[in-house]
Amino acid sequence: MAPDPSRLGEVEQLVLLAVLRLDSAAYAVPIRNLIAGQAGLGLSRGSIYITLDRLEKKGLVESWFSEPTGEPGGKARRLFRIRPAGVAALRAARRAVDKLSAGTVLARKT
Amino acid sequence: MSALRRAVRLLVPRDWRDSVDRDLAEEIATARRAGLRTELWAAWQILRVAARLRFGDSSVTRAASGRRFPARGLGRDVQFAFRMIRREPWPAAAIVFTLALGIGAATAAYAVFNHVVFRPIPGIAGEADLFTVYFQPADDRRTFGAAPRTSLEVLRQAAGVDGLASAYTTEMPVVPRPDADPDHSSVELVTDQYLGLLGIRARAGRVFTDDEITRGLDVALISERMWMREFDGSPAAIGQQVRVNRHPFTIVGVVDRYQGWSAVRVEQVDLWLPMTAEPRLGRSDTTYFSLIGKVRPGATQPAVQEQLTAAFRDAGPAGLVMTYPGARTDWNRTLPAFVPMVYPGLFANGQEATRGRILDVYPFAMGATGLLLLLACANTANLLLARTVQRERELAVRSALGAGRWRLARGLLVEAGVLVVASLVAGLATAKLLTGLVRGTQPFAAAPELGDVGIDWRVVAFSAAVAGATVVLFGFVPALAAARVEFRQALRQTGRVTHSSRRLRAILVCVQLALSLTLIAGAGVLGRSLHNLRSVDLGMKPDGVVSFSLNGRRLGLTNDQQNEIVSETLRRLRSTPGVEAAAYASPQAFWRDGWFPARVRPASAEAPDIVVETGIVSGEFFSVLGIPQPAGRTFAESEFLRPPGKSGGVGVINLALARRLFGAESAVGRLLDVGDARPEGEWRFRRQLTIVGVVGDTRSGRRFRDDERAALYEPSSSRLTTGTIYVRSTRSAAAMISEARQVVRQIEPNLPIISPGTLRDEVERLIPEERMLAYLISVVAVFATLLGMAGIYAVVAYMVNERTREFGIRIALGAPASAVARNVLRGVGVLSLVGVAAGLALFAIASRMLATRVYGLSPLDPYTLAAATMLLLATAVGASWLPARRATRVDPTVALRAD
């Protein structure tokens, strides 16, 4: 059974959001930093890579190789950008959260 | 990017490889990290990333899809292997532990030999381009000469030579700091170009410039060891003065790692001085014994050999060769046949012999650890077989569900691989631990104490290959066979072990027992041999005696001055509280190379002469060392260290010599002719002396195993250079030595005392190889016994398990517990007897190797063999005791309900 592309896991959702925010300059390092900084979630490098891999297989993001540069490392890098299906998936996930949380008060019960 | 990183990045899937590299590089650059730790960290990160990408991340995938994401093939096998190991960790742990022990011991043993004999010389670069030159007759590689100093410039003209230099190492009294005690240090005196040729660099400060050496400045380099010991590694050491033979030299640098070189690859040089400083050190050497040089690019060593030979011949007087003292020809004979002989690399004189002596024990050490490794493999094989048998049903089920045989086999192979990798890592850690333990010990008489012993990757690879082969052979092949088992049959047969596998395991246990017995017996024989060597009747009372040596010649003292210092030291020591007596001997009583050889015969008799060992001793020597004196007198104070003439001297001989010279007649008062030492050829008279006393027989360093050693003691000699002082006292050795140090210091502040210790230490220094082997093989034997015990336990425990139902029936039918236990132990007994028989046969073969090394007993000593056999049988019974008892307590109702 192929993974259902319309369902997003939490990590997938975070990575996808990060890709969206980073626009067309998304790659593993800033994605990881963004998730760590904004969501306070420290993900391993491997998790980022494999999640990106899977998102691409689901057709939610697309990747291409940058030009090799003389920078540190100097090699071609895989850059990511979100596809319309990814935006739709994020929207669906948001809607699900919104619907479920509608009318609830997120306060600690005393 | 390091080689390590380049290697691990290959594990990352291709479509991610470059990105991962670049991301890491960016992170490292941002964090401004660098160095080895960063490289290791990066490699580890790459490994983690590769693992995630290859094998999937269950937490992410579970979170993402709510079910297990199917990992890629190999990854699933690894996951599965880990799951299987986690489900039953103890057999896996036992395998890893066992193999780690075997791998670790073999690796450590090889590492020690590698460290002493084979490794590159630390601190030098490009040994492959270097050559060494000795001055020898073209057809005689055993005779060595020396060339005059003037020949160096001549030889440097050779076209194919890119640098030529000389150096020699000697011991000198060194005062490293103004307030420090003088100590003897190895000093290497070097010509210009020498340090440059070896590529030696400075750790701090700088090395000598060629100009400094040719101009003969008083500069010095110190070793890192001396730097740490005397200056705490402080840069302030540079510019300090170090006194060598009372002459001050300015320290200009600390040498990086290099400590000189010799037959055992490394010397313990602490100080380097220009050879041009010799006159200020009281030395007047005029020759070079050896040279080192570098071949100019494009030239070959044979070409250099020809050029050097031609240059040397054409040089006239510069090409004059003097034979080295001790060579078998006479002094200063001009020998035109001597040529500069070129040896590839850095070649130490006597290198083969020294290495040969060390490598003599190599087969024993590697043999013993190799046996242990084999034993570990047998044990592992046993445990793996047991595991496989247990998993027969699982494999059959998986096979029935559609898993192909290759698929099952691959899974088992991966599992085995995981175990091998774990064992290898644990084995390396064990080896590291073991080499740490031997640090600072001196296992070989010919080599200095061990420093930090590195692990050699070749032996790791070898050990890993053996371990890998075991796991594959005994884990994989039977598993493959098991995977072929018919589904229905397998399910029906569950819990019952196939006959062939049971037999295989029985054979493995026998092998283990046989190897254990061989090692235990070897340890026993070597241990008793060592004990025999230690309890040899030395012919004296060695306890309560301390000794130290003095060598005034290195200070530039004359014989008379040295003798004066010796006499004064003895006088002052005798009046020191706690001292019973003090005496002098030259050489040391147990000098490794023995005393001076000489030939003696009764005067005015045409008797054949006898080769003896002679030594110079003071009159108290015999009483201090506790050597009995059955006849005559000892030397008087007035005879001690007086220059001897051709006649009129006195001597004391030992009982063995008296017996051989005069039979039962009294020796005292007879005249004795002493001749030249040369063992073959004509008798050559040297001097005549009167025998004034006879003393008991003793051993010596060279004749330690000879209880018929003939010895002649004299009170003086013209060639005295070094001597040892023996003190019998009621005080502790340490206190006595520090007292003696004070005494010598008051007499001559610059004269260090050499190798202080007890008389027992002197004897121990003779047998480091014996001690090392005995300890090594004992430790190995203990491990082996433990492994053998574990093997027997495992096999018997499994057997009891398999036969639970049978025992249950027997007990239900009224069999007494003792009968059941007997039944179990009988099986063990048969196994043990077969193992013992095989072990004895194996040891009989191995003992031939031991024949030359054991002292005072036969390598097939029956008592030792009997004891080893009893120990092994007791171990076997002990190991099977628990399972046997379990068999007697089988509850019939439970046993019959099983399945």
Side-chain angles (χ1 to χ4, degrees), chain A residues 1-16 22 25-36 39 41-58 60 62-80 89 93, chain B residues 1-2 5-6 8-35 38-39 41-72 75-76 78-79:
Chain A
M1 193 166 69
D4 178 359
S6 63
R7 296 274 288 276
L8 286 178
E10 186 198 358
V11 175
E12 286 180 327
Q13 199 173 335
L14 291 171
V15 171
L16 206 49
L22 287 164
Y27 61 97
V29 179
I31 292 174
R32 183 157 167 261
N33 291 341
L34 199 62
I35 293 176
L41 182 61
L43 290 176
S44 76
R45 291 171 185 76
S47 307
I48 304 279
Y49 292 124
I50 200 165
T51 309
L52 285 169
D53 234 10
R54 195 162 51 252
L55 289 173
E56 185 169 29
K57 285 207 187 89
K58 288 179 173 182
L60 305 182
E62 60 188 352
S63 75
W64 72 99
F65 284 94
S66 73
E67 288 296 307
T69 67
E71 304 272 296
K75 292 180 178 127
R77 164 142 58 201
R78 254 172 104 177
L79 294 171
F80 289 84
Chain B
M1 186 161 42
S2 68
R5 242 161 103 186
R6 269 199 297 278
V8 291
R9 74 187 279 274
L10 295 177
L11 297 171
V12 178
R14 195 184 298 271
D15 50 349
W16 276 109
R17 221 171 270 167
D18 286 352
S19 297
V20 170
D21 277 349
R22 200 168 148 186
D23 289 351
L24 263 182
E26 181 182 324
E27 285 190 60
I28 289 171
T30 320
R32 290 173 193 276
R33 296 168 58 142
T38 306
E39 278 307 319
W41 173 83
W44 173 238
Q45 295 307 325
I46 295 174
L47 267 180
R48 283 180 58 186
V49 165
R52 282 289 165 84
L53 286 174
R54 291 250 176 231
F55 307 144
D57 175 354
S58 51
S59 65
V60 170
T61 45
R62 254 199 305 275
S65 55
R67 64 188 173 80
R68 284 199 69 80
F69 191 79
R72 296 179 201 185
R76 198 167 62 169
V78 172
Q79 274 184 344

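Below, all heavy atoms of this structure are taken into account, side chains as well, without hydrogens, waters or symmetry copies. Throughout, a chain's letter reflects where its sequence line sits, starting with A, and its residues are numbered from 1. The model shown is predicted, which means the values in this text are computed figures rather than measured ones.
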Original post:
Which region of B/V20, side chain (C-beta onward) or backbone (N, CA, C, O), has a non-hydrogen atom less than 4.5 Å from a non-hydrogen atom of chain A, or is it both or neither?
Top reply: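 Both backbone and side chain.
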Original post:
Between B/R48 and A/S44, which heavy-atom pair has the shortest distance, and what is it?
Top reply: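 Minimum heavy-atom contact is NH2-CB, 3.6 Å.
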Original post:
Is there side-chain contact between A/D53 and B/W16, with heavy atoms separated by less than 4.5 Å?
Top reply: yes
Original post:
Has B/W44 got more than 12 heavy atoms of other residues, nucleotides or ligands less than 6.0 Å from its CH2?
Top reply: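 No, not enclosed.
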Subject >> Sole candidate of B/D23, B/D15, B/D21 that passes salt bridge (charged side-chain N to carboxylate O under 4.0 Å, His left out) when paired with A/R77 >> reply: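 Among B/D23, B/D15, B/D21, the one meeting salt bridge (charged side-chain N to carboxylate O under 4.0 Å, His left out) with A/R77 is B/D23.
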Subject >> Listed partners of A/R45 passing side chain to side chain donor-acceptor pair (under 3.5 Å), at least two apart >> reply: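 Listed in chain order: B/E27, B/Q45.
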